[in-house]
Visitor: 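Mind looking over this structure? Questions follow.
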Amino acid sequence: MIAAARRERALDLALLLPVLVLVAAFLFYPLLYGLDLSINRTEGFEVVGPAGLDHYARALLGDAVFRQGLANTLVFTVAAVILQTGLGLLLAVLVADTRRGQTLFRVVFIAPFVLAPVAAGMVWKFMYAPFFGIVPAIGGAVGVDLSSVAPLADSGTALWAIILAFAWRFAGFSMVVYLAAMRSIPREYYEYGELEGIGRVARLRRITWPLLWPQTFALVLLTTIATLRVFDLVWIMTAGGPGHATETVSTYVYTTAFGSLNVGYAQAMATILMVVIVALAVVEYRLLNRRAEAVSG
């Protein structure tokens with residue numbers, strides 16, 4: 001009996017061994033190699049000497065661009081999480097109450113999500129252009145001359161313009177998730193609400209929204225991880241400008257590593273970002289998971 005159990009465990013380990021090798025090769029080794037780079041001085045991709053924690057101290061205490069990039073990243077994350085989940089829920093409620101054309105609405109709203117980030121960035125960059133972009137068009141419709149307004153060229157509006165483009169791209173994904181979850185809500189809850197005489201807003205607040213906490217938890221966690229390392233949309237639309245107003249940690253890491261060829265310092269900044277991502281993910285998990293489990297359980 002004991003011998004059979006040992007053989008079974010040995011077989012399980014043998015079957016898991018290829019997966020463990022792949023995880024070690026593509027996850028742990030790059031992580032350890034990156035940590036080693038972050039504590040060494042580099043010239044290009046060559047290590048020339050130890051740096052200790054100097055790179056980390058420089059990033060956190062002596063690099064104003066990195067601190068601004070970190071602040072922009074956090075602002076981007078908070079705003080994107082609120083907008084994406086909020087718009088997704090609103091669209092889901094509106095589409096769920098539509099009797100005709102639900103399939104068409106789903107396709108229209110999910111289309112930006114499947115669009116390549118480069119294409120989405122170029123589309124919005126064109127829409128934000130002065131003279132012929134969306135802002136001058138709106139101004140012309142209401143009789144206001146906004147032909148010279150360029151949101152991406154203004155340091156006060158550039159980051160928010162990109163956040164809006166990000167929310168446009170991913171709100172459809174949240175909508176689809178919420179729509180699928182709303183279909184699983186028992187109709188008896190809504191029928192009881194009708195008997196109580198509650199309106200549509202109260203029904204959303206007291207029935208639909210509380211029962212969507214598991215999906216909200218998943219969407220908030222995924223959006224947080226995605227936005228903290230956002231790169232492609234920002235790089236295509238502004239490349240971190242104007243004047244570092246839209247600089248994120250990811251764009252600054254990229255320019256430092258491949259523009260200045262300071263790979264060790266770039267890796268130190270990337271490691272700080274990784275720690276921030278893990279920390280926020282743990283905080284969100286502790287804050288939201290218990291309520292999500294109470295609903296799903």
Side-chain angles (χ1 to χ4, degrees), residues 19 23 27 73-99 101-115 117 120 163-196 198-230 233 273-297:
V19 177
V23 170
L27 179 62
T73 302
L74 294 175
V75 170
F76 195 109
T77 297
V78 173
V81 167
I82 295 173
L83 282 176
Q84 180 182 330
T85 54
L87 287 175
L89 178 61
L90 177 62
L91 292 174
V93 171
L94 294 176
V95 171
D97 289 340
T98 303
R99 296 185 177 181
Q102 279 199 19
T103 303
L104 176 62
F105 285 123
R106 291 180 186 180
V107 172
V108 169
F109 289 124
I110 199 63
F113 175 70
V114 299
L115 191 65
I163 291 173
L164 180 60
F166 183 92
W168 166 84
R169 184 165 180 255
F170 287 96
F173 172 74
S174 299
M175 179 200 71
V176 171
V177 173
Y178 279 133
L179 275 175
M182 290 167 65
R183 286 195 168 194
S184 64
I185 298 177
R187 294 298 307 171
E188 290 81 2
Y189 294 157
Y190 295 110
E191 293 172 359
Y192 180 77
E194 291 176 0
L195 292 175
E196 291 290 320
I198 64 174
R200 295 180 62 181
V201 176
R203 183 177 63 183
L204 172 63
R205 180 173 56 87
R206 296 168 57 181
I207 300 176
T208 306
W209 173 242
L211 293 175
L212 294 178
W213 261 104
Q215 290 73 31
T216 302
F217 165 66
L219 287 172
V220 168
L221 192 61
L222 291 174
T223 306
T224 299
I225 295 174
T227 51
L228 282 173
R229 54 188 181 86
V230 65
L233 202 61
L273 177 62
M274 180 187 68
V275 172
V276 171
I277 292 174
V278 173
L280 286 181
V282 170
V283 170
E284 289 179 348
Y285 182 85
R286 290 185 176 274
L287 292 177
L288 302 178
N289 184 58
R290 182 176 301 178
R291 187 169 181 178
E293 285 184 344
V295 173
S296 59

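Both backbone and side-chain heavy atoms feed into the values below; hydrogens, waters and symmetry mates do not.
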Visitor: How long is the gap from CZ on F170 to OG1 on T223, to the nearest 0.5 Å?
Guide: 8.0 Å

Visitor: Given F105, which of I110, L179, V95 fulfils the side chain to side chain contact (heavy atoms under 4.5 Å, CB included) condition?
Guide: V95

Visitor: As an exercise, state the distance from CG of L222 to CZ of F217, rounded to the nearest 0.5 Å.
Guide: 9.0 Å

Visitor: Could you work out, with side chain to side chain donor-acceptor pair (under 3.5 Å) as the rule, every residue matching T73, not counting sequence neighbours?
Guide: none

Visitor: CZ of F76: more than 12 outside heavy atoms within 6.0 angstrom?
Guide: yes

Visitor: Going through the distances and angles, do T216 and W209 end up as a side-chain contact (heavy atoms from CB on, under 4.5 Å)?
Guide: CA-CA 9 Å; T216 302; W209 173 242; 3.5 Å; yes

Visitor: Rounded to the nearest 0.5 Å, what separates atom CH2 in W168 from atom CZ in F109?
Guide: 12.0 Å

Visitor: Which heavy atom of S174 sits nearest a heavy atom of G88, and at what distance?
Guide: CB-CA, 3.8 Å

Visitor: Find the distance between CD1 (I163) and OG1 (T227) and round it off to the nearest 0.5 Å.
Guide: 9.5 Å

Visitor: Let me confirm one number: the CG-OG1 distance from L90 to T85, rounded to the nearest 0.5 Å.
Guide: 11.5 Å

Visitor: I need the minimum non-hydrogen distance between A181 and L212, along with the two atoms involved.
Guide: CB-CD2, 3.5 Å

Visitor: How far apart are the closest heavy atoms of A167 and L87, and which atoms are they?
Guide: CB-CD1, 4.2 Å

Visitor: Looking at M182 and V93, what are the two nearest heavy atoms and their distance?
Guide: CE-CA, 4.2 Å

Visitor: Below 3.5 Å, can you tabulate the donor-acceptor pairs from side chains in residues 274-284 to any protein atom, sequence neighbours excluded?
Guide:
unit_1	atom_1	unit_2	atom_2	d
E284	OE1	T224	OG1	3.1
E284	OE2	T224	OG1	2.7

Visitor: Taking all non-hydrogen atoms of both residues, which atom of R169 and which atom of A120 are closest, and how far apart?
Guide: CD-CB, 3.9 Å

Visitor: If you look at every heavy atom in L233 and P117, which pair is closest and at what distance?
Guide: CD1-O, 3.9 Å

Visitor: Please round to the nearest 0.5 Å and tell me the distance separating atom CG of L219 and atom OH of Y178.
Guide: 5.0 Å

